[in-house]
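Reviewing the structure listed below.
Below, chains carry the letters A, B, ... as their sequence lines are ordered, and counting in each starts from 1.
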Number of protein chains: 2
Amino acid sequence: MKAVSDTRQAILERAERYLQDAGFSSFSFRDLAADLGIKSASVHYHFPSKEALGVALLQGYRESFERWAASRRDSGSAQADLVEWLRYYRSLARKGDICAGGAFGAEYGELPERVRRELGALLDTIRKWVRATLEAGRKRGEIRADGKLDDQTALVLAAVQGGTQIARITGSPKIADAAFEHLKAVLFT
Amino acid sequence: MKAVSDTRQAILERAERYLQDAGFSSFSFRDLAADLGIKSASVHYHFPSKEALGVALLQGYRESFERWAASRRDSGSAQADLVEWLRYYRSLARKGDICAGGAFGAEYGELPERVRRELGALLDTIRKWVRATLEAGRKRGEIRADGKLDDQTALVLAAVQGGTQIARITGSPKIADAAFEHLKAVLFT
DNA sequence: GTCTATAGGGGGATAGAC
DNA sequence: GTCTATCCCCCTATAGAC
C-alpha cells in the first residue's frame, strides 16, 4: 500500500534528523538505509548522489517555508508573524536541534556547489520575508523604526541561527528563549 | 633551529583554519600532515587522537580569550570593550570564516565527550564576560537597561555566532557588519 | 620526532540480477 | 525498487624501525 515515493520521503525525513543533529557529513547512505531496513544501493536509486540529497533537503525547507509564509499573508500583524516564526526555532532548540542554515553553514567550505547555491537561495528567501515583515511592521507602528531596515533584518537572521546553536552547546534551550525574548523586546514597539 | 613544540603549534594553526572553514570533521590527520610536509603518524605523536586535538584547539581559544579579556580589564568602557570584541567576529566574517562555537556546534551530535565539555566551557567563559561587561555598562549608563540582563546576554551571543554564519552563506561579510551595527544600536545608550 | 607499513573500519558510488 | 557484490578511496590509529 505504499505510495510511489514513500521511501524517498522516508529518506528525506531521516536525513533531515541527522542533518540537524550532527551536520551533513555526519550521516552516510548506509546509515539511512540501515534505519529504513533497506540497502544503500536503494538509497542511491532515489538520490543518485549525496549532493542530490542535499539539494532536495534544502528545496524541501524552502518549499515548506514558502507554504507557511503564504499561509500568513495578510495576517495583519508583523508582531504575530514574527512570534509564530520564532516558534519554529524555539522548537528546534528544545529538541537540541539547529536550523538548516547552521547545519550546512558550518561545513560550507566543503559543500558541493549545487548545495551551496540552494543554501544561499533558502537564506535569501527567508531574508526577504523577514525584511518585508519588518518593513510592514514599521509602517504600522508595530516595529521600531530604529536604524536601517537591512541592519535590523540581519540582526534577526543572525539571532535565530545563533540562538539555536548556543542553546545546544550550553545544553539549555532556555538560552534560545532568552535571546528571542530580548530580540522581541528590541524589535517590537 | 625549531623549538620543541614548533610542529605541534603548526598543527594547531592548520587545524584551526580547517575548522573555521569547513568544520571539525572536514580535515584529517593526513591533511594536516600533508600541509606540513610530514606524515600522519607524526601528527599522532603530537596529538594521540583527534579528540585530543579538538580539546587542545578549544583550550587554545579559551586561553586566547582570557588573555585578551584580562588585557581589557579596567578599560572603563563597556561600549569600547564590546566594539573591540566584535572586531574579532567581523574579521572572521571578512575571511569567510566562522567562530569556533559555530564550527563545532553544528557537529555537536557527533563530537567526542571531552570536546563537548571544552566547547561548553569556552562558551561559558565568553558568556560570563559578556554578561559582566553588559552589567558594568548598565551601571555606568552606557548600556540600555531594557529587559533582563541574561536575555540581553543571550541575544549578544546568538548574534555574533549567527552573524558570522549568515555572512558566509550569503557570501557577503557586509551582512555580519549590518547585524553588528544594529546590535550596537539596540545595546548602546 | 619522524618514518614505513598496516590494521580495521567507513565512505560514495556503480553494475547487473531479480 | 530493491537486492548482492564490489571498486576504490579515505579515515583514525598503532607497531616498530630509525
| Exam field: side chain A/E107 to backbone B/S26, donor-acceptor pair closer than 3.5 Å | no
Distance test, side-chain N/O of [X] to OP1/OP2 of [N], below 4.0 Å:
X     : N      : result
A/Y45 : D/dT2  : no
A/T7  : D/dT2  : yes
B/S42 : C/dC3  : yes
B/S28 : D/dC10 : no

| task | Check the pair B/E113 / B/R117 against salt bridge (charged side-chain N to carboxylate O under 4.0 Å, His left out), numbers first and verdict last. | result | CA-CA 6 Å; B/E113 184 54 33; B/R117 273 208 298 276; 3.5 Å; yes
| request: Report which part of the nucleic acid A/F47 touches: base, sugar-phosphate, or nothing (heavy-atom distance under 4.0 Å, all strands). | output: nothing
Output the rounded distance in Å from [atom1] ([X]) to [atom2] ([N]).
X      : N      : atom1 : atom2 : value
B/E110 : C/dG11 : CD    : C1'   : 13 Å
A/K39  : C/dC18 : NZ    : P     : 18 Å
A/D31  : C/dG9  : CG    : P     : 16 Å
A/R8   : D/dT2  : CZ    : C1'   : 17 Å
B/R30  : C/dG9  : CZ    : P     : 16 Å
A/Y18  : C/dG11 : OH    : C1'   : 14 Å
B/F29  : D/dA13 : CZ    : P     : 6 Å
B/Q9   : C/dG1  : CD    : P     : 13 Å

| said: Using a 6.0 Å distance limit plus a 45 degree cone around the ring axis, check whether A/R116 lies over the aromatic ring of A/Y108. | reply: yes
| Under the 6.0 Å and 45° cation-pi test, does B/K50 pair with B/F24? | yes
Given [options], which nucleotide is nearest the side-chain atoms of [X]?
X     : options                : value
A/I38 : C/dT2, D/dA15, D/dT2   : D/dT2
A/H46 : D/dC3, D/dA15, D/dG1   : D/dG1
B/K50 : D/dA13, C/dG12, C/dC3  : D/dA13
A/S40 : C/dA13, D/dA13, D/dT4  : C/dA13
A/H44 : D/dA5, D/dC11, C/dA13  : C/dA13
A/S49 : D/dA13, C/dA13, D/dC11 : C/dA13

| field | Lys/Arg-Asp/Glu bridge criterion (N-O < 4.0 Å) met for A/E135, A/R138 | value | no
| NZ/NE/NH1/NH2 to OD/OE distance under 4.0 Å, A/D177 and A/K174 | no
| query | Between B/P48 and A/A41, who's closer to the 5' end of DNA chain D by nearest nucleotide? | reply | A/A41
| said: Please evaluate residues A/T170 and B/L123 with respect to the criterion side-chain contact (heavy atoms from CB on, under 4.5 Å), reporting the C-alpha separation (whole Å), side-chain torsions for both, the decisive distance (0.1 Å), and the verdict. | reply: CA-CA 7 Å; A/T170 58; B/L123 190 64; 3.2 Å; yes
| request: Can you label the angle between the A/Y89 ring and the A/W85 ring as parallel, tilted or perpendicular, going by 30° and 60°? | output: perpendicular
| In degrees, rounded to 10°, what is the bend between the two ends of the helix from C/dG1-D/dC18 to C/dC18-D/dG1, using five pairs at each? | 10°
